[in-house]
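First comes the structure, then the notes that go with it.
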There are 2 protein chains.
Amino acid sequence: MPTIKDVARAANCSTATVSRALASPEKVSDATRHRVAQAVAKVGYSLNAAARNLRRSESRTIVVILPNIANPFFSDVISGLESVAHQAGYQVLLGDAGNNPDRVASYFNLVPSNQADGIILLSTEVPMALVRERQADAGFPLVMACEYFDNLSLPTIHIDNEQAAHKATEYLVALGHQRIATITGPARNPICKDRLRGYRHGLADAGLNIQDDWIVEGDFTFHSGYEQGRILLQQDKKRPTAIFCQNDEMAIGVLKAARDAGVVVPEQLSVIGFDDIGFSQYCEPELTTVHQPREAIGRTAMRLLLDILKQRNVPLDQSLKTQLIVRSSTARAPRD
Amino acid sequence: MPTIKDVARAANCSTATVSRALASPEKVSDATRHRVAQAVAKVGYSLNAAARNLRRSESRTIVVILPNIANPFFSDVISGLESVAHQAGYQVLLGDAGNNPDRVASYFNLVPSNQADGIILLSTEVPMALVRERQADAGFPLVMACEYFDNLSLPTIHIDNEQAAHKATEYLVALGHQRIATITGPARNPICKDRLRGYRHGLADAGLNIQDDWIVEGDFTFHSGYEQGRILLQQDKKRPTAIFCQNDEMAIGVLKAARDAGVVVPEQLSVIGFDDIGFSQYCEPELTTVHQPREAIGRTAMRLLLDILKQRNVPLDQSLKTQLIVRSSTARAPRD
DNA sequence: CTGAAAGCGCTTACAG
DNA sequence: CTGAAAGCGCTTACAG
């Protein structure tokens, strides 16, 4: 591999000048810049980033830790993150945590080892000790998006989960539903708690009583939605007439459980999801759901992190708007 | 950040010894190794990877270029890639090409700039000139998976697309279908050509004639499947009784088009997809499709690349098995 | 088993 | 605008 020395020789100048011509062209005369450009092409030079990173002690790389790359929810968030990063000359290293604490630890370690400048965390399913340790360290650039820790304050971009769930529940109530169940995500997850709180308040506002066995826990997969849906629909006389699911995949699982149980959606059962993933328009029936501005979440989170890296003063907590999208999986409550 | 010097001071030895204790512990006495470990903990040292990379001129990073991170097909492939990489002490940098040639160029550039040791390419939607240039350069570690270029020989892991499509078509023929349409992916894509060839042969084998306006092109999205499906189903007397789609998302789009057109699947229309993504079990009806061993493709591709990096002799072309999964979107052809 | 020393390829403060 | 020189933090061949 040709180095900056080879270029300097070919351009008949010092390595310092080559470096300047490449990194800050305005510091160099037109003629020199041109000679250097020619020399670069001639010798087939490309900058050794490891050397630059070492010298500058920065890597221009941001690590994004996500719980599971298979989750379609994240793809737009990632697009948003990447578009802002690339525009600013940063790369994005996508780290799939895959429920593996070691892996997460190794991603975190990329920052002290100078392979990454900062981290965006999209999951709370990571070893708390690790995060706590880093957060104590003020110099560790760490931003959360989509999720957050309820016992730890970190800069974060999110939606108002409670309000969104509240509105979804209200909508079901407005349709005349009185027996409304919910399938939550993992119960310890703060955003799931928020969505559950929104659900409870929605019922309470309407004077409906909350039936604890209609609050069931899933894990955000199709399969868990299917299983919990099946169970909820078994009680065939006083079964729920509506189910609010904390994400779309579980809602789509419920649609299947309903089909298998011979319960017609939306005539006999209304279903609401959360996220508005692409598939929610292609399932049968199309899913009423809470739309999240996923790209914007990604963009905003990356901007926040880059601002932190530049030591800019920035709001550390931003909430973005959601929207209830009404499609065909909800309807007026059936007569008893 | 503490450096190796600080550790050396705390352990009362040279930096050379610290380096050895960390990188090749067997070269160092037990006592020293222990002292170094203590010192590392005491000063809170972590190795500066940029310095190591510069010195060793390797990065232990593999770039995976994919066309679109939102495509659920890739998530298992990525899991496979990552599991092998991490086991071997490599990191994976996921690069979303996003139909942006500049971005792809910058990912390719990671190798000469010493930020990546090799590339796995999961898409042919990249500037040919770039690939051609690199491939000419024998020292450039580049492996393809899932897709391939038909005018360029690169090490590649794939399935037998033609055979898989042939079998799927045969299956429809065996169900008595005589009017079988197909929705392809982008026509210039070699794997799409292969699948199309398999379809043609399947029809030819059965003595069915091939109707050119039943070979329509989509782009692998739900939407294109929906649109093309809608058009195919419009011709209501002699419309096709079966549609073979080159991926599941388009097949799911067709299911929706059929619902909208009042065509009942599978009684009036059989639909087959390709890939066996998770959704294919949660759409209505569940999708008959060609299963690809996605994890295995990923694992095999990463092993191949790592072997190439170690200059091992390896088979440069491996084909993995597919399987037709019969679910509920296919049935015997309706009577005319 | 250990240390002194060179060097990986850059960047940048300093001097002119 | 340009160059000589120091130095970023490691690793490793060499010598002992």
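Model, not experiment: these values are computed from the prediction. As a basis for the values below, the full set of heavy atoms in this structure was taken, side chains included, without hydrogen atoms, waters or symmetry mates. Chain letters run A, B, ... following the sequence lines, proteins first, then strands; residues in each count from 1.
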Watson-Crick or G-U wobble mate for C:dG16, both contacts under 3.5 Å: D:dC1
Select base, sugar-phosphate, or nothing to describe what B:Ser57 touches, counting heavy atoms under 4.0 Å on all strands. nothing
Looking only at side chains, do A:Glu147 and A:Thr124 share a donor and an acceptor under 3.5 Å apart? yes
Where each residue is assigned the nucleotide of DNA chain C containing its nearest heavy atom, which of B:Thr15 and A:Ala50 is assigned the position nearer the 5′ end? B:Thr15
Is the closest basic N to carboxylate O distance between B:Lys310 and B:Asp307 below 4.0 Å? no
Between A:Arg20 and A:Glu26, is there a side-chain N and carboxylate O pair less than 4.0 Å apart? no
Of B:Arg20 and B:Tyr45, whose closest DNA chain D nucleotide lies nearer the 5' terminus? B:Tyr45
Lys/Arg-Asp/Glu bridge criterion (N-O < 4.0 Å) met for B:Glu58, B:Arg52: no
Give the first and the last nucleotide of DNA chain D, reading 5' to 3', that has any atom under 4.0 Å from a heavy atom of chain A. D:dC1 to D:dG9
Applying a 4.0 Å non-hydrogen cut-off, can you work out what A:Lys5 is touching in the nucleic acid: base, sugar-phosphate, or nothing? nothing
Answer yes or no: is there an ion pair linking A:Asp6 with A:Arg9, defined by an N-O contact shorter than 4.0 Å? yes
Once the angle between the rings of A:Tyr148 and A:His158 is folded into 0 to 90°, is it parallel (under 30°), tilted (30 to 60°) or perpendicular (over 60°)? tilted
DNA chain C: 5'-proximal contact among B:Ser14 and A:Ser19 (nearest heavy atom): B:Ser14
